Amino acid sequence: MIRTAVPDDVPVIHEMVRELAEYEKALHEVRASEEHLREALFGERPAAFAHIAETDAGEVAGFALWFLNFSTWRGVHGIYLEDLYVRPQLRGGGHGKALLTELARICVARGYERLEWSVLDWNAPSISFYESLGAKPQDEWTVYRLTDGALASLGS
């Protein structure tokens, strides 16, 4: 079952963010607290959205956290999937596909023309899964990022 996240889900979402970061060998980079997530997802001006995948027994299996982006070329919004995570012991049960299917359904229903995300180059199981759904890598684009001191320097 896929459902829209509610404020009571914030602790388990935070826990899974940390699990995902550990899997990606980057737990040391996680700064987000439960309060950060609560504000981003359910604050006065939510900037992100989340869906929860549950087992038939009601156990949280995974989550998708996303936000809107915009294509100047297409002239419409799209969805950028920041995180998709299914707990290791529950993988293979269709939860990841169900989460992506729900985001694709939202795109179609709202007239959004893109569903995009990034995947680490070494994450072969995820790459294989995404390609099995028809997703195509965007090899001609390189992601750039400003953070920490470089961001502060440029922004001051």
Side-chain angles (χ1 to χ4, degrees), residues 1-55 57-70 77-104 106-107 112 114-133 135 137-139 141-156:
M1 180 180 97
I2 304 301
R3 63 176 175 79
T4 302
V6 297
D8 286 346
D9 291 318
V10 168
V12 74
I13 292 171
H14 184 256
E15 185 178 300
M16 290 187 291
V17 165
R18 294 182 58 78
E19 290 173 19
L20 174 60
E22 185 171 24
Y23 172 75
E24 292 182 346
K25 301 168 182 63
L27 183 58
H28 62 282
E29 293 183 33
V30 176
R31 296 182 188 172
S33 66
E34 287 183 21
E35 191 51 43
H36 289 127
L37 293 174
R38 188 176 320 283
E39 182 63 27
L41 294 167
F42 305 106
E44 189 175 315
R45 294 175 50 202
F49 309 92
H51 283 78
I52 301 292
E54 291 182 336
T55 66
E59 178 184 2
V60 173
F63 79 107
L65 194 143
W66 57 277
F67 54 88
L68 293 179
N69 59 15
F70 185 81
H77 283 293
I79 286 178
Y80 187 85
L81 175 60
E82 180 65 22
D83 284 337
L84 175 70
Y85 180 73
V86 175
R87 290 186 152 152
Q89 68 273 21
L90 297 169
R91 291 182 185 153
H95 303 293
K97 182 176 181 181
L99 285 163
L100 284 171
T101 298
E102 177 61 12
L103 296 185
I106 292 169
C107 286
Y112 302 162
R114 290 183 180 166
L115 172 55
E116 298 179 310
W117 61 91
S118 297
V119 60
L120 291 167
D121 292 341
W122 58 260
N123 194 343
S126 293
I127 291 168
S128 177
F129 166 65
Y130 297 142
E131 290 180 352
S132 77
L133 299 175
Q138 300 298 297
D139 296 332
W141 295 91
T142 300
V143 175
Y144 281 83
R145 178 179 296 157
L146 282 170
T147 61
D148 303 326
L151 178 63
S153 176
L154 184 61
S156 53

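It should be emphasised that the depicted structure is a prediction, and the values quoted were computed from it without experimental measurement. Residue numbers run from 1 in the order of the sequence given.
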_Do Phe49 and Ile106 make a side-chain contact, defined as non-hydrogen atoms from C-beta onward lying under 4.5 Å apart?_
no
Could you walk me through whether Trp117 and Leu84 pass the side chain to side chain contact (heavy atoms under 4.5 Å, CB included) test, one step at a time?
CA-CA 9 Å; Trp117 61 91; Leu84 175 70; over 6 Å; no
In this structure, CG of Leu20 is separated from CD1 of Ile13 (nearest 0.5 Å) by 13.0 Å
request  = Look only at the side chain of Ser128 and the backbone of Ala124, and say whether a donor-acceptor pair between them is shorter than 3.5 Å.
outcome  = no
Nearest heavy-atom contact between Ala61 and Thr55 is CB-CG2, 4.2 Å
Glu131 and Pro137 have their tightest heavy-atom pair at OE2-CD, 3.9 Å
ask   = Is a side-chain donor or acceptor of His77 paired with a backbone partner of Asn69 at a separation under 3.5 angstrom?
value = yes
CG (Leu41) and OG1 (Thr4) are apart, to the nearest 0.5 Å, by 11.5 Å
Taken to the nearest 0.5 Å, the spacing of Glu29 CD from Glu24 CD works out to 9.5 Å
Rounding to 0.5 Å, atoms NE2 (His36) and CZ (Arg31) come to a distance of 10.0 Å
How are the rings of Tyr23 and Trp122 set to each other: parallel, tilted or perpendicular (split at 30° and 60°)? tilted
Worksheet item: Between Glu35 and Arg38, is a salt bridge (charged side-chain N to carboxylate O under 4.0 Å, His left out) present by the stated rule, with each step listed?
Response: CA-CA 5 Å; Glu35 191 51 43; Arg38 188 176 320 283; 3.7 Å; yes
Check: Leu65 main-chain N/O paired with Asp83 side-chain donor or acceptor under 3.5 Å
no
Exercise for review: Apply side chain to side chain contact (heavy atoms under 4.5 Å, CB included) to the pair Trp66 and Leu115, showing each step before the final yes or no.
Suggested key: CA-CA 10 Å; Trp66 57 277; Leu115 172 55; over 6 Å; no
- Is the backbone N or O of Phe129 less than 3.5 Å from a side-chain atom of Ser132, with the two atoms forming a donor-acceptor pair by type? yes
Heavy atoms of Tyr80 and Ser118 approach each other most closely as OH-OG, 2.8 Å
* Asked: So Met16 and Val60, side chain to side chain contact (heavy atoms under 4.5 Å, CB included) or not? Walk me through it.
  -> CA-CA 10 Å; Met16 290 187 291; Val60 173; 3.6 Å; yes
Distance col, row Leu68:CG vs Ile79:CD1, nearest 0.5 angstrom, shows 6.5 Å
Of all heavy-atom pairs linking Phe42 and Val6, the shortest is CZ-C, 3.3 Å
All heavy atoms of Asp9 vs all of Ala5, minimum pair found to be OD2-CA, 3.3 Å
So CZ of Arg91 and OH of Tyr85: to nearest 0.5 Å the spacing works out to 5.5 Å
Practice prompt. Keeping the roles fixed (side chain from Ser156, backbone from Ala152), state whether a donor-acceptor pair exists under 3.5 Å.
Written response: yes
What one should report as the nearest heavy-atom pair of Ala64 and Leu81 is CB-CD1, 3.8 Å
